[in-house]
Amino acid sequence: MPLTTDAEIRELLENVRTVAMVGASDKPDRPSYAVMATLQAHGYRVIPVNPAITGEHIHGEFVFRELAQLGDPIDLVDIFRNSAAAGAVVDDAIEVGAKAVWMQLGVIDEAAAARAEAAGLKVVMDRCPAIELHRLGIAPRG
């Protein structure tokens, strides 16, 4: 079952250090741009992944083409893609050994969630980590 309780979501957000954001945008009017900044301000390392802007930088971080390119261990893959594309991202997250996947607001893929959980990943669907950080009162890391 995907994580749904405040305690489960709090525990996940408090234990995450490195986030790969698939679908990150360099456009300030896009939600992923603001969410990335919020996560960074809370002390997370956020690595943007977007094949359309590979090699560019967002909030000081190099943009990678795909999760398989990342050399660092990934605690959480934040999916800023639509529900139809989420499954492929979840499969990539499983392949690279991520510990959790987070499907953004409006992104729901029950089959992909089941695959992730079967592989040992924690799953959150249809929520935004930036909203949850503020809602749960999780303080930024020092």
Side-chain angles (χ1 to χ4, degrees), residues 1-117 119-141:
M1 293 283 298
L3 307 181
T4 58
T5 69
D6 288 355
E8 292 170 328
I9 292 170
R10 174 185 297 281
E11 181 181 2
L12 177 62
L13 290 171
E14 288 178 343
N15 288 301
V16 164
R17 297 288 178 260
T18 304
V19 176
M21 183 177 286
V22 177
S25 177
D26 59 352
K27 296 179 173 83
D29 62 327
R30 301 296 286 252
S32 64
Y33 188 86
V35 170
M36 182 173 172
T38 298
L39 294 176
Q40 286 178 317
H42 258 77
Y44 297 98
R45 165 124 192 259
V46 184
I47 304 168
V49 178
N50 186 331
I53 55 172
T54 300
E56 300 294 325
H57 287 80
I58 303 173
H59 299 302
E61 289 283 348
F62 180 86
V63 180
F64 288 88
R65 182 181 69 250
E66 59 191 25
L67 289 174
Q69 290 184 303
L70 307 181
D72 297 328
I74 301 302
D75 296 320
L76 175 70
V77 176
D78 186 6
I79 303 173
F80 264 99
R81 302 287 315 276
N82 63 35
S83 295
V89 178
V90 168
D91 293 339
D92 290 345
I94 293 167
E95 190 171 316
V96 301
K99 296 176 186 165
V101 291
W102 189 299
M103 298 181 217
Q104 278 290 336
L105 291 171
V107 181
I108 299 170
D109 186 331
E110 299 288 351
R115 289 194 306 275
E117 289 172 333
L121 281 72
K122 294 182 179 180
V123 177
V124 177
M125 285 194 295
D126 195 23
R127 292 179 185 251
C128 176
I131 291 171
E132 297 300 316
L133 284 170
H134 293 297
R135 186 181 71 78
L136 295 171
I138 298 172
R141 294 191 162 88

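Excluded from the calculations below are hydrogen atoms, water molecules and symmetry mates; all remaining heavy atoms, backbone and side chain alike, are included.
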Any donor-acceptor pair under 3.5 Å from S25 side chain to S32 backbone:
no
Of all heavy-atom pairs linking P140 and A41, the shortest is CB-O, 3.8 Å
Which atom of C128 lies closest to which atom of V35, heavy atoms considered
SG-CG2, 3.7 Å
In this structure, CD1 of I131 is separated from OG1 of T38 (nearest 0.5 Å) by 9.5 Å
Which atom of D91 lies closest to which atom of R115, heavy atoms considered
OD1-NE, 2.7 Å
Are the side chain of D126 and the backbone of L105 linked by a donor-acceptor contact shorter than 3.5 Å?
no
Spatial distance of atom CD (E11) from atom OG1 (T5) [nearest 0.5 Å]
9.0 Å
Please determine whether side-chain contact (heavy atoms from CB on, under 4.5 Å) holds for the pair M21 and I58, giving the CA-CA distance in whole Å, both sets of side-chain angles, and the decisive distance to 0.1 Å.
CA-CA 11 Å; M21 183 177 286; I58 303 173; over 6 Å; no
In short, M125 meets D109 closest at the heavy-atom pair SD-N, 3.4 Å
With side chain to side chain contact (heavy atoms under 4.5 Å, CB included) as the test, pick out the partner of V101 among D78, V123, I94.
V123
Got a second to check how far H57's NE2 is from D26's CG, nearest 0.5 Å?
12.0 Å
Between the CD1 atom in I74 and the CZ atom in R17, the distance rounded to the nearest 0.5 Å is 14.0 Å
Plane angle bin for H42 and Y44 - parallel if under 30°, tilted between 30 and 60°, otherwise perpendicular:
parallel
Can you tell if the side chain of T4 reaches within under 4.5 Å of the side chain of R127, non-hydrogen atoms only?
yes
Does the side chain of V96 come within less than 4.5 Å of D92's, by heavy atoms?
no
P2 side chain reached by E117 side chain, heavy atoms, under 4.5 Å:
yes
With rounding to the nearest 0.5 angstrom, report the CG to CG distance, D75 to L12.
9.0 Å
List the atom of A112, the atom of G87, and the distance in Å for their closest heavy-atom pair.
CB-CA, 3.7 Å
Test item: R141 side-chain N/O and E14 main-chain N/O as donor-acceptor pair under 3.5 Å:
yes
Min side-chain heavy-atom separation W102-E132 under 4.5 Å
yes
Is any side-chain N of the basic residue among R45 and E61 closer than 4.0 Å to the acidic one's carboxylate O?
yes
When rounded to the nearest 0.5 angstrom, what is the spacing between CZ in R10 and CZ in R135?
9.0 Å
Is any side-chain heavy atom of P129 closer than 4.5 Å to one of Q104?
yes
Taking side chain as C-beta onward, heavy atoms only, is E8 less than 4.5 Å from V124?
no
For H134 and A130, work out which heavy atoms get closest and say how close.
CD2-O, 3.0 Å
Which of L67, V22, T18, V19 passes side chain to side chain contact (heavy atoms under 4.5 Å, CB included) with I47? It is T18
